[in-house]
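Note sheet for the following structure.
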Amino acid sequence: MESSPAGIRPADTRPAEIRPVRYDHPDAVALDALVQQEYVQRYGDGDMTPLDPRMFVPPRGIYLLAYDGGRAVASGGWRVQEDAAEGYAVGDAEIKRMFVLAEARGRGLARQILAALEADARAAGRSRMVLETGIKQPEALELYASSGYAPVTKFGLYRTYDDSRCMAKPLTGAAG
């Protein structure tokens with residue numbers, strides 16, 4: 001790829017190959033280890049949310065990886081989450097493990113995965129997509145806000161944490 005006159009390379013916007021995989025697939029496990037490292041760098045600890053591969057088995061969820069040249073570069077999944085005691089509602093689909101390798105950021109991969117997750121959850125009959133992220137992930141907050149997610153009452157494991165932010169987007173009546 002040629003550099004521009006200013007020496008800045010144009011953004012690589014090639015679409016990635018998005019594949020459904022099991023949450024315990026070796027590529028998913030490798031990306032999960034990297035996202036955990038990033039959580040430690042940003043928050044001092046990894047994500048303590050208990051996850052099981054069975055949570056991401058259709059029609060109660062899905063786990064996706066984005067591949068570029070045969071290499072897994074991004075991930076994300078959704079799972080049914082309806083535990084009212086933790087603040088969820090019937091029909092909720094919770095996003096988990098959205099992550100893009102640092103060298104693959106800025107290509108729209110997170111947006112591609114997010115759109116695929118929303119479409120899959122909608123097709124599975126889910127009515128609302130929910131997620132939890134934190135204030136030390138401003139790029140995630142921006143992605144979700146620009147994708148139609150709005151702040152909601154906190155839910156889940158981190159609902160009592162000051163740096164936690166919960167967001168949701170209705171899936172019913174929406175085209176995408």
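For clarity, every value in this text was computed on a predicted model and none was experimentally measured.
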**Asked** Is it true that a side-chain atom of Ser75 and a backbone atom of Tyr63 form a donor plus acceptor pair closer than 3.5 Å?
**Response** no

**Prompt:** Do Lys96 side-chain atoms and Gly76 backbone N/O form a donor-acceptor pair below 3.5 Å?
**Reply:** no

**Request:** Give, for atom CG of Leu65 and atom CD of Glu17, the distance between the pair rounded to the nearest 0.5 Å.
**Result:** 10.5 Å

**Message:** Assigning hydrophobic clusters by single linkage (Ile, Leu, Val, Met, Phe, Trp, Tyr; side-chain heavy-atom cutoff under 4.5 Å), is Val35 placed with Tyr23?
**Reply:** yes

**Complete:** Taking every heavy atom of Arg111 against every heavy atom of Ser147, the minimum-distance pair comes out as NH1-OG, 3.0 Å

**Request:** Give a yes or no on whether Arg60 atom CZ has more than 12 heavy-atom contacts from other residues, nucleotides or ligands under 6.0 Å away.
**Result:** no

**Prompt:** So do the side chains of Leu101 and Leu34 get within less than 4.5 Å of each other, counting heavy atoms only?
**Reply:** yes

**Prompt:** Does the side chain of Pro53 come within less than 4.5 Å of Val57's, by heavy atoms?
**Reply:** no

**Request:** Report yes if some heavy atom in the side chain of Tyr67 is under 4.5 Å from a heavy atom in the side chain of Asp27; otherwise report no.
**Result:** yes

**Asked** Are Glu132 and Arg165 close enough for a salt bridge, meaning some N to O gap below 4.0 Å?
**Response** no

**Prompt:** How many angstroms lie between atom CE of Met167 and atom CZ of Phe155, to the nearest 0.5 angstrom?
**Reply:** 10.0 Å

**Side-chain touch Leu131/Glu94, heavy atoms, less than 4.5 angstrom** = no

**Prompt:** So how far is it from Asp52 CG to Asp24 CG, rounded to the nearest 0.5 Å?
**Reply:** 8.5 Å

**Request:** Could you tell me whether the side chain of Arg122 and the main chain of Leu171 form a donor-acceptor pair under 3.5 Å?
**Result:** yes

**Item:** Closest non-hydrogen atom pair, Arg79 against Pro50
**Value:** NH1-O, 3.6 Å

**Message:** I'd like to know if the side chain of Tyr158 and the backbone of Thr133 have a donor-acceptor N/O pair within less than 3.5 Å.
**Reply:** no

**Message:** I'd like to know if Asp120 pairs up with Arg126 as an ion pair, taking the criterion as any Lys NZ or Arg NE/NH1/NH2 lying under 4.0 Å from an Asp or Glu carboxylate oxygen.
**Reply:** no

**Message:** Contact between Val130 and Gln81 at the side-chain level, heavy atoms closer than 4.5 Å - yes or no?
**Reply:** no

**Request:** Establish whether Leu141 and Tyr149 are linked, either directly or via other cluster members, by ILVMFWY side-chain heavy-atom contacts under 4.5 Å.
**Result:** yes

**Item:** 4.5 Å side-chain heavy-atom contact, Ile113 and Ile18
**Value:** yes

**Ser164-Arg159 side chain donor-acceptor pair, cut-off 3.5 Å** = no

**For Ser146 against Leu143, the heavy-atom pair lying closest together** = OG-O, 3.0 Å

**Candidate pair Leu109 and Val73, rule side-chain contact (heavy atoms from CB on, under 4.5 Å), full reasoning** = CA-CA 9 Å; Leu109 297 173; Val73 295; 3.7 Å; yes

**Message:** Strictly distance-based, threshold 3.5 Å: is any side-chain N or O of Arg42 a donor or acceptor partner for the main-chain N or O of Lys136?
**Reply:** yes

**Asked** Checking Arg22 against Phe56: charged group under 6.0 Å from the ring centre and within 45 degrees of the axis?
**Response** no

**Request:** Compare all side-chain heavy atoms of Trp78 with those of Leu64 and state whether any distance is below 4.5 angstrom.
**Result:** no

**Request:** Find out whether Ile95 and Leu114 are in side-chain contact, i.e. whether some heavy atom of one side chain is under 4.5 Å from a heavy atom of the other.
**Result:** yes

**Complete:** Between Ala124 and Pro59, the two heavy atoms sitting closest are CB-O, 3.5 Å

**Request:** Specify the closest pair of heavy atoms between Gly46 and Val40, including all atoms of both residues, with the distance to one decimal.
**Result:** N-CG2, 3.6 Å

**Asked** In terms of side-chain heavy atoms, does Tyr144 have a donor or acceptor partner in Glu139 at a distance below 3.5 Å?
**Response** no

**Asked** Going through the checks in order, is the salt bridge (Lys or Arg N to Asp or Glu O under 4.0 Å) test met by Asp47 and Arg97?
**Response** CA-CA 9 Å; Asp47 184 351; Arg97 296 300 190 264; 2.7 Å; yes

**Prompt:** Any ion pair linking Glu38 and Arg105 (charged N to carboxylate O, less than 4.0 Å)?
**Reply:** yes

**Item:** Derivation and outcome, salt bridge (Lys or Arg N to Asp or Glu O under 4.0 Å), residues Arg71 and Glu103
**Value:** CA-CA 12 Å; Arg71 179 176 178 225; Glu103 63 269 22; 2.7 Å; yes

**Asked** In Å and rounded to the nearest 0.5 Å, what is the CD to CZ distance from Glu82 to Arg128?
**Response** 11.0 Å

**Item:** Crowding at CG, Asp162 (>12 non-hydrogen neighbours, <6.0 Å)
**Value:** no

